[in-house]
Amino acid sequence: MPDTRETALPTPLPAIAALPAYVPGARGSSAVPPVKLSSNESPDGPVVGVVDAAAAASEAIHRYPDMAATEITAAIAASLDRDPAEVVVGAGSVAVLAHLLQAYAGPGDEVIFAWRSFEAYPILTAVAGATAVKVPLTAEARHDLPAMAAAVTDATRVVMLCSPNNPTGPTISTAELEEFMAAVPTRVLVVLDEAYVEYVRAQDAVSGPAVLDRHPNLLLLRTFSKAYALAGLRVGYAVGPAGLIAPIRACVTPFSVSGPAQAGALAALAARETYLERAAAVVAERERVAAALRADGWTVPDAQGNFVWLPVGPATLDLVKHLGASEPAILVRPFAGEGVRVTIGAPAENDALLARLGSWQGPRAAT
Ligand SMILES: Cc1ncc(COP(=O)(O)O)c(C=O)c1O
C-alpha cells in the first residue's frame with residue numbers, strides 16, 4: 001500500500017526561524033584554565049551563607065518551590081522600600097524581560113532599544129512577535145535619547161534603556177532620562193535595565209528607585225547575577241507600579257525560580273554590605289584597567305559596569321585571537337566588526353589582560 005502520509009515537518013514561525021542565536025561568553029576548553037573575562041560575571045564566588053542556604057533548600061527539591069517566591073519578593077521590596085506587589089521575580093532578569101515583552105508587546109507592535117546594547121533585546125522582541133527598532137548609539141557609545149524619543153510611533157509599546165549600557169559602558173544621566181520621559185507618551189512602557197547598577201560611580205547617572213515614583217510608565221529591571229555573584233542560580237526581578245507588574249507576574253513560567261535559587265538570593269540580599277564592598281573592589285580595578293589602557297593609547301568609552309569596551313571595529317576578531325593565544329588563554333566577548341567587551345576580573349587576571357593587550361600590534365581604536 002502506498003504511504004500517503006504527509007512528509008512535511010513542523011516549521012517554526014518565520015520570526016523565530018530568522019533569529020540570531022544568543023552567543024554566550026566563551027567558556028574555554030584547554031587543560032590550562034583560561035582567564036574567563038567573557039560573561040560579565042563576578043570574579044568572586046558567593047559568600048558562605050549563600051551556598052549554605054541554597055544547599056539547605058536543596059533538601060526539599062522533591063517538592064515544588066513557592067510559586068510566588070514570597071520571601072525573596074518581600075525582601076527585595078523591603079530593600080527598596082516598596083510593596084511586594086511592586087516586585088516580580090523570575091529566573092534571571094532576562095526571563096523577567098521575556099515575560100514583560102510577552103505581556104506588553106506582540107505582532108504589529110514596536111519595541112525600541114539602543115544598538116549596540118544587550119543582545120537579548122532583539123531576540124526576546126522577536127520571540128514576543130514584535131518588531132525591533134534599533135536606534136544607534138552616539139559616537140561616545142551612549143544612548144541617543146532624543147533620537148530614541150523621535151523613533152516612537154503609534155505602534156511603539158515598549159522602550160528598553162540600558163544603564164550602564166552592555167557592552168559599551170556609559171550610563172544614562174538623570175537629566176537625559178527625565179527629558180526622555182517627558183517626550184514619550186505615558187502609554188509607552190519604558191524599562192530601565194540596571195543589571196550593573198552596583199558598579200555605577202558617575203555622579204550624574206540615573207538611579208531607578210530615585211525616579212520611579214515620578215513616572216507611571218517606568219519599570220526597573222535588576223539581577224542577582226552580577227554584583228551578587230549568582231549568575232548560575234538564576235534570579236532577577238522587575239520593580240515598578242503594581243498595575244504594571246501584575247500582567248508580568250501572570251506570564252511568569254510557573255515554579256521557574258527554584259527553591260535553592262530563592263533561598264540563595266535571600267541569603268545574598270542579607271549579605272548586601274559584603275557584596276557592595278566587593279563591587280567597590282571591582283570598580284577600583286575597573287578604574288585601574290581603564291586608566292592603564294587609555295594611557296597605552298586605547299580608546300575606552302566611559303566604563304560604569306564591571307567591564308570595559310574596546311571599539312576596535314574591523315580588528316575585533318584578530319584582537320580576540322591575540323588574547324586567546326596567550327598562556328593561559330584570555331577569553332573575552334567579541335562583537336564582530338564592532339569591538340571587544342572585557343569583563344573586569346581579579347587583579348592578577350587584569351594584570352594578565354593588560355600585559356597581553358600591551359603586546360597587541362594592531363589598532364587601539366576603530367580605524
Ligand atoms: C544589560 C543586561 N540585562 C540583563 C542581563 C541578564 O542577566 P540575568 O538574566 O542573568 O539576570 C544581562 C546579562 O548579561 C545584561 O547584561
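Below, each value reflects all heavy atoms present in this structure, side chains not excepted, and no hydrogens, waters or symmetry copies. Numbering of ligands and ligand atoms starts at 1, following listing order.
- No single ILVMFWY cluster, assembled from side-chain heavy atoms under 4.5 Å apart, contains both Leu220 and Met160.
- Heavy atoms of Asp193 come nearer than 4.0 angstrom to ligand 1 in at least one pair.
- Protein heavy atom closest to atom 13 (C) of ligand 1, with residue, atom name and distance, is Lys226 NZ, 3.2 Å.
- Within the 4.5 Å cutoff, the side chain of Val300 has heavy atoms near those of the Leu310 side chain.
- Checking only distances, Tyr121 never comes within under 3.5 Å of ligand 1, N or O to N or O.
- Residue Leu19 qualifies as enclosed at atom CG: its count of foreign heavy atoms under 6.0 Å is above 12.
- At a 4.0 Å heavy-atom cut-off, ligand 1 touches Ser225 through the side chain alone.
- Side-chain atoms of His322 and Ser359 include a donor-acceptor pair closer than 3.5 Å.
- Remark: ligand 1 atoms within the under-4.0 Å shell around heavy atoms of Cys162 are 1 (C).
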>> Between Asp302 and Arg201, does the salt bridge (charged side-chain N to carboxylate O under 4.0 Å, His left out) criterion hold? Intermediate values first, please.
In response: CA-CA 11 Å; Asp302 188 26; Arg201 294 295 182 273; over 6 Å; no
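- Listed by number with element, the atoms of ligand 1 under 4.0 Å from a non-hydrogen atom of Arg234 are 8 (P), 9 (O), 10 (O).
- Residues Val211 and Glu178 form a side-chain contact, since some pair of their non-hydrogen atoms from C-beta on lies under 4.5 Å apart.
- Distances below 4.0 Å separate heavy atoms of Gly92 from the following atoms of ligand 1: 9 (O), 11 (O).
- Counted by atom type alone, Arg341 and Asn166 present one or more donor-acceptor pairs between their side chains at under 3.5 Å.
- By heavy-atom distance, the residue among Asn165, Asn166, Leu230, Thr343 lying nearest atom 16 (O) of ligand 1 is Asn166.
- Between Val94 and ligand 1, at least one pair of N/O atoms sits closer than 3.5 Å.
- The nearest heavy-atom contact from the protein to atom 6 (C) of ligand 1 is Ser93 OG, 3.3 Å.
- Heavy-atom separations between Phe224 and ligand 1 are all 4.0 Å or longer.
- Considering only non-hydrogen protein atoms, atom 12 (C) of ligand 1 sits nearest to Phe118 CZ, 3.4 Å.
- In the model, Ser117 has a side-chain atom that pairs as donor or acceptor with a side-chain atom of Asn165 under 3.5 Å.
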